[in-house]
Every structure is written in structure tokens, then in C-alpha cells.
Amino acid sequence: MQEIDTLIRARWIVPVEPEGLVFEHYALAVDEGRIVELLPQDEAAQRYRATEVVDCPTHALIPGLVNAHTHASMSLFRGLADDLPLMDWLDGHIWPAEAQWVDAQFVRDGSALAIAEMLRGGTTCFNDMYFFPEATAAVAGACGVRACIGLIVIDFPSAWARNADEYLTKGVQLHEEYLSHALITTALAPHAPYTVGDEALRRIHALANELDMQIHMHVHETEDEVRQSLERFGVRPLERLAGLGLVSPRLMAVHMTQLTPGEIAQIGEAGAHVLHCPESNLKLASGFCPVQSLLQAGANVALGTDGAASNNDLDMLVEMRLAALKAKAVARDARALPAARALRMATLNGAEALGLDQEIGSLLPGKSADLVALDLGGVECEPVYNPISQIAYSIGRESVRHVWVAGRQLLRDRALTTLDEGEVVAKARAWRDRIAGRSLPG
Ligand SMILES: [Zn+2]
């Protein structure tokens, strides 16, 4: 008998790799934060003596969901301004609110709210972009969740930095601080082609190569962005980025709703990653990412929620469902983006974009035990012919029962183990009172 930390016995285990595979009545053995083996439950009983055995008799065990694009602390602006197109929403509401309210405390409290919501929705890793990234990194580190912290660069001053130089200097400092952290990584995060000039982008390109970092950027989010770029630079944003050497496997391009067939081929050939945010694109009426064509061109497409201010939640199960449905509508083909592919996009493809696919994204022995147990019992789910169908098309976040990151249980029977839910909510309400008191009429 081999001694291990945890044995999880599940009705179904969906390893994601290979795509579509489902194990029935299997167990997953975890030791020192890593997956040791997946095996039939009766064999597991013979082979392992676990300190803790977790029974999941009506559950599907999947890899933790990877939210490949968010602005965590913007959760405190959830519902502040709705039903507006992107530039009116940014110019008229979000940027003024940010100028007034965003400081280190805002980002700490907002990040805690976002992480609590994400864990209760089965997200174990998020790719962030926001001001005061050190505050988000500190909260994520304290909660034990996995995160890639974006080192934001934008050509206008904020409470965090005055100009591109200062954003980059502070960002590189933070990168160095977290170099050896087990769960926190960093990426360069120039906000968008329309908010970052060529000089800063050249430095970002050089730094990415020198420090071996990914580049996380909103690209081709709206038609207006493309039109403005043609006016200002004489080229479409992607062409400008390509001219600066930025279209490469390091690029994680968010949104990509406006793409010509040539650009789709270019992204596939370059090995760049697309971070698709279906709900945000719908709500801001930004356009439709041609997911099926991108996948056919060989591009890696991952899924993200965007910030809660433009979504208005951080629910990766919804993104998975919307991605599958939108891809079918856009391709006019019901076979486009099947359920198992949507699940892969929400897990392994996100890991790949972040350069973490050796560590997370699927349930292979040796990988980190970042796991989610989804309860598929009950009238909303039964009968279960194939759990992947339920995951993509039937369930909501109430099905998320347990969550582990690197073997540590962060959600137990829907209760957070490293965050005080009452305190998180009380702080969010206090921010609501301050923000509503000053910036809303009446
Ligand atoms: Zn965004």
C-alpha cells in the first residue's frame, strides 16, 4: 500500500486529454499537490492508503477552469454602467470611475471578491490585467489560487503609474518578486493598440524576449478600433503589431472579433493565442470572434470572462456554453465547437496560452492537482448519458461542490476555506455605498 495525501473517488473523471474521454467509477490519487494516478476505484482501494478520501458519487471531476482574461478587481464596478457600447462605456463611465476610486485597497478588496466568485464557479487559475497588480498578486497568493498577473502598460496616468516607463519599471520589479512563486506567474499586459504607442510596444517586445514572458493585450475588440487605427496609423491594429514583431506565440490577443481571412491565417501561422470572451462581446455588441475558422487555421483559442463590469459575472461555465453556441451560429454549422472542445478551451487551451500546459489544464499524472468536482445529481442534470454534455450545456455554478489548487482544497461543499465570505461581501457593500453615494445621481 502506498501512502498518499488524498484519494478522490468520482462517478466520472474527465481528464480533457485526450479530448472527449470519460472514465467511470474511477479514482484520482493526489500526493504533495500532484496527480499520481487515475485508476478504477477497486484497484485504488488495493493500491493506496490516503490521509483523506473524498467521495463524489454523483460528480464529474474535471481540471480546474482557466479564466484566460479578466480584470479581477473591476468586480467592484459590477453593474455600475450597463447597456452601452465599448467606447461610451469606457470614456463616460469606467475610466472616470477608475480615476476616482482605484487604489491599492480597491484592488485588494475587488480581487478578493473576484477570487471568491471564481473559486465558487470552478475557476482555479485566472489571467488578470489591471492597475496595482501587486495587490491582486498578494491576494491571490494568500488565497492559494493560481494566477497570471498582467503587468499593465497604458499611455495615460493612473494612481498606479504616471507613464509607460513607470508602468514597465514597476511591472518588471513585480515580475522579479514572483519569479520563484509556485502559483503566481506574470505577463506583460499592454492594454490595447489604441492606448499604447509604438515606443512602449517596442520595449515590451524586447522585454518579453529578454525575460521570456507572454504578452496579454486586447486586440481587434471592435470595428471602431480598427477604423481608428486605419486613420491614425494607416494600417489595421494586427498589422501594426506584426510590424513591431508582436504577433508570435507570446501574444495572447483578447477578443479578436474583427478578422479578415488573411488575419485568421496569419494568427494560425504565427502560433499566437486568442482569448475569446463571448459574453463580454455580446454585451458590448463588439462583434463575433470567428472561433471555428481560427481553430481550423491552427490557432489556440482559450476562454475568458473579461471583467465583471462588462459581463457581469466571472462564470466560466457560461462562457463555455456561449462559446459553443456562438461558434455554431457564426459558422452556421451545429457541428462547430462541440462540447468536449468547449471544455478543452476552458481548461487546457487556457493553460497553453499561459505557457502552463505542462503544469495544469488536464488530468495527467505528474500535473498539479488543480481540480473541480461538479455535482451532476438532481432534476436539473439527470439523466446523464455523457457528463461532458451536461457540463457544456446544462449545469450552472451551483453544481461546483469542491475545488482544489495544487492539492489544497479551497472550496469544500461550496464553502471557501481560505477566504472569509462574510468579510468579502461586507467590503464589497462598503465600496458600493461609497461609489453610489458620490457618482450616481440621487
Ligand atoms: Zn478586458
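Just so you know, residue 1 is the first one in the sequence shown, and it goes up from there. Just follow the structure's listing: the first ligand is 1, and inside any ligand the first atom is 1.
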Review point. Within less than 2.8 Å of the Zn ion (ligand 1), how many protein N/O/S atoms are there?
Key: 4
Study note, to complete from the structure: Hits for side chain to side chain donor-acceptor pair (under 3.5 Å) against Arg78, two or more places apart or cross-chain, chain-then-number order -> Glu117
Exercise for review: Mind checking side chain to side chain donor-acceptor pair (under 3.5 Å) for Glu423 and listing every partner two or more places apart, or none if nothing turns up?
Suggested key: Lys427
**Study point:** Of Leu295, Asn349, Val274, Leu275, the residue whose pairing with Asn300 passes side-chain contact (heavy atoms from CB on, under 4.5 Å)
**Key:** Asn349
Point to revise | Taking every non-hydrogen atom, the tightest pair across Leu314 and Asp306 | key: CD2-O, 3.6 Å
**Study point:** Closest non-hydrogen atom pair, Ala164 against Ala200
**Key:** CB-CB, 3.9 Å
Practice item. Return each pair, listed once, that meets salt bridge (Lys or Arg N to Asp or Glu O under 4.0 Å) where at least one residue sits in residues 261-285; pairs must be two or more places apart or across chains. Key: Asp82-Lys283, Arg236-Glu263
